[in-house]
Amino acid sequence: MDKTDNIGLLRNLSALVDFSNLINSSLDINFILNNILLTCMGKFHTTKGLIVLFDREGKPYINLSKGFLNAPEIPEDLNTNDEALDNFIQTCQFSIRKEINSTTGAIGVIFLGRKLTGKEYDKTDLEFLSTIINIGATAIENSLTVEELKRVNRELDSKVNQLSSLFDLSKEFSGLLKIETIGKLLAFSLIGQMTVSEFAIVICSGEKYRILETKYDRNKIALFLDKCDAGKINTVITKGQFTEELTPLTELGVELIAPMQIKGETKGLIMLGERKNRKKYEQTDIEFISSLGSIAIISIENALLFETALEKQRMEKDLETARTIQKNLLPKSIPKFDTIEIAAYNESAKIVGGDYFDVIKLDEDNVLIAIADVSGKGVPASLLMANLQAFLKTICKMKLPLDKATNLINDLIAENTTMGNYVTFFWSVFNTESKELTYVNAGHNPPFLIRDGKITKLKKGGMIIGFLPTTIPYESETVKLQKGDYLILYTDGITEAMDKDNKEFTDEKFEKLVCSLNEESPYEAMKIIKKSIDEHVKGAEQSDDLTYIVAKVLK
């Protein structure tokens, strides 16, 4: 390297040091950009230059140009549209373009025109330009950061008092669980902070609403809410922005409507009238009202949830009592006999259910075995089941033939149910001496009489119970049982038990299962059936009540 090159390098280095000291001596963005541009134009002997800074969305928001009679118009998509960039460079006759990068990425670009000498920018020029831009980028970033901090500080200072008030109020609201008290606290806070004398506070859910507090005519507010879907108001609206739909509120003197929202969903409205000091609602006032409304509506929702939880707790307690009562309606123990052994299983899908079974010792020689499935689930089904149990217990004492007794039960149930409710019902009387089983099937799943691995279905009877008064009398049938015979009564909760893929247990699978019974006792058979159902559903939620009775003739 010769002496001349060394001198040139030293001059460049000295110029860069002076340039760095100069632009880092100030935090004024215009001063920094002006010196970057002038340095580049002086170094490269060009007559025009432009620096553009972009915001986070890539749109130009600061630009400085030199060498133009009229400052060039910067396209908004200059940083995102290659075609716009090419057209801009061609129109302005720029020879070079260089991005300005900070630690966070590209923040701008510098454009330079042709050299006065007509020469092209060589490698040394580009390296020098890159160095200038790198030094300048740091100064630009520092300036922008300081400006942003100043702006944020100004905003923070203006909100300190409001935040302090909101913090104190939030502690007050958080300790309240009565909606009326929350409404009054919100009203007093608005009166004190906004100096208003007329206001309304409304909570809403869908088309339902509730006026918590108001100094307006309550009937007129209610009339407006009946016509307007309050839940659709999702932004603060001032008087000048009122639509035709909101005209009635103008007549009342409402100046501002602020929605109270949770996760973007409007749960209530704050309506405020003119302030006593005649001042307009400024942006900081609107922000305060919105924040206060958000705090209040969360407390209101918590209070509503608390009320719902208390009501649910009361209902659950009542249902638990109903469950206990219903369990007491079912046999606490199964009578024992020498010639027949009986086992039964019952499990409700809900807290209370609609399945019913009974095993009643009528006398020394006769036992009644009954099973029923009430339409529906839950409380309505359980009430109808209780009626059926009461009628059955009463009619048993009348010692009527089974078919005639069924006619009577049907008429009684039909009188005490609404249209559409019904019961599938099967009952039978087994004579322990003669081993004869007399039964009536009123629309129930036909019980199985299993002998030597083969099924006989007990279908004789008539229509379901309770749907219509008896028009066609029920019929009974008597069958002779033998030692080793199984009698299996069940509700459709077994065959329709579903796994997580909604596949049913099915009649075919159940029939195959019970046909495999041989030497098992009724209790063992009951466990086999339950295990098979559990393996099928594999932890899926129980879809229906499960009830079945297994009886086996011993001798």
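FYI, side chains are in, hydrogens and waters are out, and symmetry mates aren't considered; it's all heavy atoms of this structure.
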Side-chain heavy-atom pair [X], [Y] within 4.5 angstrom cut-off:
X: Lys530; Y: Glu347; value: yes
X: Ile182; Y: Phe173; value: yes
X: Met463; Y: Tyr474; value: yes
X: Tyr548; Y: Thr491; value: no

(message) Working note: Tyr356 + Phe425, criterion ring pair (Phe, Tyr, Trp, His ring centres under 6.0 Å); need CA distance, chi angles, decisive distance, verdict.
(response) CA-CA 9 Å; Tyr356 168 68; Phe425 180 55; 7.7 Å; no

(request) Please check if the distance between the ring centroids of Phe426 and Tyr439 is under 6.0 Å. (result) yes

Return a table of donor-acceptor pairs under 3.5 angstrom between the side chains of residues 231-245 and protein atoms on other chains or two or more places apart.
unit_1 : atom_1 : unit_2 : atom_2 : d
Thr238 : OG1    : Gln241 : OE1    : 3.2
Gln241 : OE1    : Thr238 : N      : 3.1

Please check if the number of heavy atoms outside [X] that lie under 6.0 Å from its [atom1] is greater than 12.
X: Leu149; atom1: CG; answer: yes
X: Glu364; atom1: CD; answer: no
X: Lys404; atom1: NZ; answer: no
X: Glu311; atom1: CD; answer: yes

(message) Among residues at least two apart in sequence or on other chains, which ones pass salt bridge (charged side-chain N to carboxylate O under 4.0 Å, His left out) with Glu282?
(response)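 Testing Glu282 for salt bridge (charged side-chain N to carboxylate O under 4.0 Å, His left out), a comparison that skips the adjacent residues, returns none.
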
(request) Just grab all the salt bridge (charged side-chain N to carboxylate O under 4.0 Å, His left out) pairs involving residues 262-275, residues at least two apart or on different chains. (result) Glu265-Lys267, Glu274-Arg278, Arg275-Asp285

(message) Quick test of your reading: applying salt bridge (charged side-chain N to carboxylate O under 4.0 Å, His left out), list the pairs with at least one residue in residues 438-449, sequence neighbours left out, ordered by first then second residue.
(response)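 Residue pairs passing salt bridge (charged side-chain N to carboxylate O under 4.0 Å, His left out), neighbours aside: none found.
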
Atom pairs and distances, side-chain donor-acceptor, residues 288-297, under 3.5 Å, sequence neighbours left out:
unit_1 : atom_1 : unit_2 : atom_2 : d
Ser290 : OG     : Ile286 : O      : 3.0
Ser291 : OG     : Glu287 : O      : 2.9
Ser294 : OG     : Ser290 : O      : 3.0

(request) Take Glu511 and Lys457 through the salt bridge (Lys or Arg N to Asp or Glu O under 4.0 Å) test and state the conclusion after the steps. (result) CA-CA 11 Å; Glu511 291 179 19; Lys457 296 183 179 181; 3.0 Å; yes

Side chains of residues 184-196: which donor-acceptor pairs under 3.5 Å do they make with residues two or more places apart or in other chains?
unit_1 : atom_1 : unit_2 : atom_2 : d
Lys184 : NZ     : Glu213 : OE2    : 3.3
Ser189 : OG     : Leu185 : O      : 2.8

(request) Report the relative orientation of the aromatic rings in Tyr490 and Phe510; use parallel for angles under 30°, tilted for 30 to 60°, perpendicular for over 60°. (result)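 Answer is perpendicular, since the angle exceeds 60°.
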
(message) Tell me whether Glu341 is salt-bridged to Lys552, with the criterion being a basic N under 4.0 Å from an acidic carboxylate O.
(response)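 No salt bridge links Glu341 with Lys552.
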
